[in-house]
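These notes concern the structure reproduced below.
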Amino acid sequence: MDLKKLLTPFTAWGNVTKDPVTIKDPLNERPGADRYRGFHRNDVEACVGCGSCEDICENEAIDLVPAKDTKDGDSGLRPMIDYGRCCWCALCVDVCTTNSLTLSNEYKWISTDPEDFRFIPGIDKKDWDDNNDKGWKKPEPNYEFYPLDRVHMDELSPEERGDSFIEMMKGYSKEQAQQEADRCVECGICTATCPAHMGIPEYIKAIRNDDLEEGLRILYDTNPLPEICGRICTHKCETVCTLGHKGDPLSIRWLKRYIADQNPSEKYKEILEAENLQPKGKKVAIIGSGPSGLSAAHYLALMGYEVKIFEKLEAAGGMMRYGIPEYRLPYDQIDKDINYILSLGVEIQYNVNIGTDITLEQLGKDYDAVFSGTGLHLGRSTGIPGSDNEHVYASPDLLRWVVEGKEFEVPESVVVIGGGNVAMDITRTMARLQKAKYGKVQVIATALEKEENLPADLEEVVEAREEGCDVNAGWAPQSIEIKDGVPTGLHVVKCNSLFDGEGRFNPQCDMDAKEFWPGTMIIESIGQGMDLSYITEEMKEKLEFGPRGRVQTDEYFQTGIDWLFMGGDIIEGPDVIHGIANGHKAAVGIDMMLNPEN
């Protein structure tokens, strides 16, 4: 006999000193075990009303009911439990995307009113709400129904992409797309947040079912630019994805791109059933071929209107083509979306300047309605000393010159003022041009905002640094030093804060903390402005302008002049998806005006 077996009988004596497990008052004191699955609790502030608990409940014991004001990322609904159906299986807790739902270990509840047993945990206060230590919670970590990490999309390495404008993201394979689509919980909060209200859960379901033609039909219900949006959309949907509360949000933008990539453009009209459009006998003029103009043109063409777009530049796409570098949005993908819209009968007249080549008033006379989406093509200046030098540029001008192939001097050192996505675009564009010409990169980007508050997407900042750019956050530009008519660099001071106690923009700087960023080219990228010079003073008197100089419109983007509709960046945004949504709704508004009987 070994020693352990010999001593084991004596270990029982260790229980002599322990308190006995005895319930002195069994009629009133009958606590549940520590992990007993009793009545529900819900942290209503953490809950976003995604409905995953309702979906998984096999007994239909959970209904989502209105309980809060709706805001981005929150459906405003909260689960109501019906204890006439609940079996306390706790699947609702296990599947909860935010971990807000738990079960107490309380199991006693006496009431003579059966309606009491239908309640909203966390809102209808109960005795067990404060008993947070016991009961059933989702074990952590490694107890998730969904993979927390998104499926990685392959991309070119910084070395491969550094001196070219080849598209850096490679797209999903079928297996990758379906694996990523499988993470979707179909809550639909993304749909509510998307400015175009795209049917996101539905087209993701089409990927899971490998029915990409159905996916394309769903995309085109609300968005006629899926190749473009699948690459450069600001993906507000992903910022509210409920999976993001525990892990990576679903890669909705890349899944949209996957559907568009897999459908050949020559089959679009057949898939989308757009081969036999019935003309209405009325015509609409559109100013600008950016996202809002193209979107309006697409939906108006489907309704049977004769649509003609007047474009100031040599190619269509607006800021999508002339403001976004090709490594993020290849021209052939822009053309794929635009060519389908043209195939519906939409005409584009290029190199025409409204206001000089043809007046807006004349368009109003020649067409039944006019939609204007002229975008934000003008650069803004800091106005600091030296900013009026001829070697100080605005980012929209330089980005357009690159697209147009216009020759300009690429210096060995560049300073970019700005920390937004456009600033990162021009920073990385100049880095590529430098790398191709000199074999090295010397671009410094400097922004007022601190690192954690940079307005650019994190991925843009990370990739800029990977490509050799120096991104310096938290510095305020003071002056541009000029010698012999050429900039030599930018003087900056440390910016400690941007806003005062009342939330007003009021930068506070440490004037003793100074730096000098050397550069013979300075690029200002602090936002874009609009050019409304094509609207005459007489017409402006009939329009209402908001505090930011934007024309006021109604919900269908109709202005104070009946036949004139305006949308896109000059009204709302700036981003592509708002422009698409504006154009779609304006098309509906134009149809309502021209065909009130419908």
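Hydrogens, waters and symmetry mates play no part in the numbers below; they use all other heavy atoms, side chains included. Numbering of residues begins at 1 and proceeds along the displayed sequence.
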Face-on cation placement of Lys585 at Tyr556 ring, 6.0 Å and 45° thresholds: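 Yes, Lys585 and Tyr556 form such a contact.
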Arg432 charged N/C atom sitting above Tyr327 aromatic ring, 6.0 Å / 45°: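 Arg432 over Tyr327 ring: yes.
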Ser251: which of Gln176, His152, Glu180 passes side-chain contact (heavy atoms from CB on, under 4.5 Å): Glu180
Taking [atom1] in [X] as the centre, count heavy atoms belonging to other residues, nucleotides or ligands within less than 6.0 Å. Is the count above 12?
{"X": "Lys542", "atom1": "NZ", "value": "no"}
{"X": "Glu273", "atom1": "CD", "value": "no"}
{"X": "Lys336", "atom1": "NZ", "value": "yes"}
{"X": "Glu58", "atom1": "CD", "value": "no"}

Ile309/Phe371 under side-chain contact (heavy atoms from CB on, under 4.5 Å): CA gap, chis, key distance, verdict: CA-CA 9 Å; Ile309 299 176; Phe371 174 80; over 6 Å; no
Candidates Glu460, Glu459, Glu155, Glu167 - the one meeting salt bridge (Lys or Arg N to Asp or Glu O under 4.0 Å) with Arg328: Glu460
Is a donor from one side chain sitting under 3.5 angstrom from an acceptor on the other, for [X] and [Y]?
{"X": "Gln362", "Y": "Asp366", "result": "yes"}
{"X": "Asp55", "Y": "Ser52", "result": "no"}
{"X": "Thr536", "Y": "Glu361", "result": "yes"}
{"X": "Asp591", "Y": "Asn595", "result": "yes"}
{"X": "Glu524", "Y": "Ser381", "result": "yes"}
{"X": "Asn582", "Y": "Ser292", "result": "no"}

Tyr340 and Tyr220 aromatic centres sub-6.0 Å: yes
SB check Glu306 Lys280 (cutoff 4.0 Å):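 No, this pair does not count.
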Salt-bridge present (Arg217, Glu214; N to O < 4.0 Å): yes
